[in-house]
Every structure is written in structure tokens, then in C-alpha cells.
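Below is one structure, written out as C-alpha cells, with a few remarks after it.
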Amino acid sequence: SIYRKLAEQSPEAYMPDIARNIGNLANLHRNLRRYEQSEQEYEEAISIYRKLAEQSPEAYLPKVARLTNSLSYLHSSQGKLDLALVTIEEAMAIAPHNPDYLDSKGEFLLKLGRTDEALSVYHQILETDADFFKKTESELEKGLKESGKI
């Protein structure tokens with residue numbers, strides 16, 4: 001609330017802090033399974049970052065993508081896999097070659113039973129970052145191994 005008051009006088013100075021804090025609250029509430037509250041907070045933080053990105057895209061679009069990725073996991077944890085997939089596509093529109101976002105997409109495809117598409121995403125990740133699966137614990141890789149696809 002302090003930042004919100006300060007932002008009334010100087011939005012350019014304090015809106016990034018507000019967005020960051022709301023995004024952190026959204027993560028906390030997601031972990032506490034307060035899904036409705038978390039979703040509202042993600043949407044608010046993303047909205048603020050989108051507005052900030054109009055003036056400074058290089059600074060704020062990566063934050064939009066990161067929070068959109070987090071929102072996709074919120075949808076997934078609620079069993080809304082189709083919505084999770086749509087949401088991760090929004091993050092990927094901003095950062096199409098980000099291996100973390102590709103991994104998220106692959107995981108959601110796998111959960112939807114779209115194994116061949118998930119395998120294709122797996123190969124995209126390897127093309128983007130050959131060592132990704134060596135340094136990341138991936139549900140996509142785990143699921144593809146369990147299914148015998150890799």
C-alpha cells in the first residue's frame with residue numbers, strides 16, 4: 001500500500017516495485033493453493049508490466065513472459081491444461097526460444113497426452129540449448145523417458 005501511494009505521485013518510479021511485489025504474492029498464494037487470489041495477482045502484475053513495456057520493452061517484456069509462465073503453471077496445477085498451454089504460448093510469443101518456456105509447453109503437451117508434440121518440443125529445446133536437460137530437472141524429459149520416447 002505504501003508503494004501504491006507513492007506511485008500516485010511518481011508512477012514511473014514505483015510501478016515496477018508494485019508489479020514485482022504483486023508477482024511475488026501471486027507465487028506465494030499459488031504455493032499456498034490460494035488459486036483464485038493468485039490468478040488475480042498474476043493478472044494484475046502482468047498488466048502492470050505490459051503497460052511498463054510500452055515504454056521500455058527490453059526491460060519489462062521478459063518480466064511479462066516470466067510471470068505468464070508462472071501463471072501457466074497455476075493453470076496446470078488446477079488441471080486446466082488447455083488453458084496452461086494457451087498461457088505458455090503467450091510467454092513464448094515474447095521469448096520463443098527460451099528453453100524454460102519450451103520445457104513448460106512440452107510438459108503440458110505430455111500431460112494432455114500429446115506425446116509426439118511433446119517429443120518435438122523436447123528436440124527444439126536440445127537445438128536451443130544442448131545442455132538444458134543436464135542442468136534442469138524436467139518433467140518433460142522424465143515423462144518422455146517413462147513413455148519410452150527417449
Side-chain angles (χ1 to χ4, degrees), residues 1-122 124-125 128-129 132-133 135-144 146-147:
S1 65
I2 293 170
Y3 281 129
R4 287 187 193 272
K5 280 205 178 290
L6 291 168
E8 290 173 13
Q9 302 300 316
S10 184
E12 65 284 344
Y14 293 102
M15 291 308 288
D17 294 318
I18 291 170
R20 185 187 66 246
N21 288 335
I22 293 170
N24 288 339
L25 280 173
N27 289 330
L28 172 69
H29 290 134
R30 184 185 76 196
N31 292 340
L32 294 172
R33 299 176 192 223
R34 296 180 185 164
Y35 297 136
E36 187 176 320
Q37 186 174 6
S38 178
E39 184 171 3
Q40 291 170 357
E41 290 162 343
Y42 279 129
E43 293 292 349
E44 183 179 3
I46 290 167
S47 175
I48 293 168
Y49 280 136
R50 283 188 198 279
K51 286 178 186 169
L52 292 168
E54 290 172 8
Q55 298 300 316
S56 255
E58 66 288 340
Y60 295 109
L61 281 178
K63 295 176 187 309
V64 171
R66 182 181 51 79
L67 282 178
T68 303
N69 182 52
S70 296
L71 178 60
S72 73
Y73 274 98
L74 172 70
H75 295 315
S76 176
S77 65
Q78 294 176 290
K80 300 176 183 177
L81 294 171
D82 288 320
L83 185 55
L85 194 55
V86 168
T87 306
I88 196 59
E89 289 289 350
E90 292 177 31
M92 291 179 60
I94 296 167
H97 302 293
N98 183 305
D100 291 311
Y101 305 155
L102 285 165
D103 187 56
S104 299
K105 178 181 179 177
E107 179 182 335
F108 303 147
L109 287 167
L110 197 60
K111 287 180 178 180
L112 284 164
R114 295 163 58 180
T115 309
D116 289 339
E117 291 173 81
L119 182 60
S120 175
V121 170
Y122 174 83
Q124 282 181 276
I125 294 168
T128 303
D129 182 352
F132 179 79
F133 295 107
K135 56 189 176 189
T136 303
E137 203 170 305
S138 169
E139 290 299 315
L140 171 61
E141 182 184 44
K142 180 181 170 188
L144 288 171
E146 288 173 0
S147 71

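- For the pair Thr68/Ile88, no side-chain contact is recorded, criterion being any heavy-atom separation below 4.5 Å from C-beta on.
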Determine, step by step, whether Lys80 and Leu74 satisfy the side-chain contact (heavy atoms from CB on, under 4.5 Å) criterion, reporting the C-alpha distance in whole Å, the side-chain angles of both residues, the deciding distance to 0.1 Å, and the verdict.
CA-CA 9 Å; Lys80 300 176 183 177; Leu74 172 70; over 6 Å; no
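- In this structure, Asp82 CG and Lys111 NZ are separated by 13.0 Å, a value rounded to the nearest 0.5 Å.
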Going through the checks in order, is the side-chain hydrogen bond (donor to acceptor under 3.5 Å, both in side chains) test met by Ser76 and Gln78?
CA-CA 5 Å; Ser76 176; Gln78 294 176 290; over 6 Å; no
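- Side-chain atoms of Ser120 never come within 3.5 Å of backbone atoms of Asp116 as a donor-acceptor pair (strictly under, hydrogens ignored).
- More than 12 non-hydrogen atoms from other residues, nucleotides or ligands lie less than 6.0 angstrom from NZ of Lys135.
- To the nearest 0.5 Å, atoms CD1 (Ile46) and CD1 (Ile22) are separated by 11.5 Å.
- Using a 4.5 Å heavy-atom threshold, the side chains of Tyr42 and Asn27 count as touching.
- Minimum heavy-atom separation, Arg20 to Asp17: NH1-OD1, 3.0 Å.
- Salt-bridge annotation for Arg4 and Glu8: absent, with no side-chain N of the basic residue lying under 4.0 Å from a carboxylate O of the acidic one.
- To the nearest 0.5 angstrom, Leu25 atom CG is 12.5 Å from Gln40 atom CD.
- Applying the 6.0 Å contact sphere to CG of Leu32 captures more than 12 heavy atoms from other residues, nucleotides or ligands.
- Side-chain atoms of Thr136 do not come within 3.5 Å of backbone N or O of Ser138 as any donor-acceptor pair.
- For Glu12, the CD atom is densely surrounded, since the number of other residues' heavy atoms within 6.0 Å is greater than 12.
- Rounding to the nearest 0.5 Å gives a distance of 9.0 Å between CE of Met92 and CG of Leu85.
- Within a 6.0 Å sphere centred on CD of Gln9, heavy atoms belonging to other residues, nucleotides or ligands number 12 at most.
- Ala45 approaches Gly23 most closely through the heavy-atom pair CB-N, 3.8 Å.
- Considering all non-hydrogen atoms of both residues, Tyr49 and Pro16 come closest at OH-O, 3.9 Å.
- With a 4.5 Å cut-off on side-chain heavy atoms, Glu117 and Val121 do not count as touching.
- Rounding to the nearest 0.5 angstrom, the gap separating the OG atom in Ser72 from the NZ atom in Lys105 is 12.0 Å.
- The two residues Pro99 and Phe132 have their closest heavy-atom pair at CB-CD1, 3.5 Å.
- Contact of the Leu28 side chain with the Asn31 side chain is not registered, since no non-hydrogen atoms from C-beta on lie closer than 4.5 Å.
- Two residues are said to be in side-chain contact when any heavy atoms from C-beta on lie closer than 4.5 Å; Leu140 and Ile125 meet this criterion.
- The shortest distance between side-chain heavy atoms of Glu39 and His29 does not fall below 4.5 Å.
- We find the CZ-OH distance between Arg66 and Tyr101 to be 7.5 Å, quoted to the nearest 0.5 Å.
- For the pair Ile48/Glu44, a side-chain contact is recorded, criterion being any heavy-atom separation below 4.5 Å from C-beta on.
- The two atoms that bring Ala26 and Ser38 nearest to each other are O-OG, 2.8 Å, heavy atoms only.
- For the residue pair Thr87 / Glu89, no side-chain donor-acceptor distance below 3.5 Å is found, with atom types taken as modelled.
- Using cut-offs of 30° and 60° on the angle between ring planes, the pair Tyr3 and Tyr14 is tilted.
- Shortest non-hydrogen contact noted between Pro62 and Pro57 is CD-O, 3.7 Å.
- Tyr73 places no side-chain N or O within 3.5 Å of a backbone atom of Ala84 that could act as its donor or acceptor partner.
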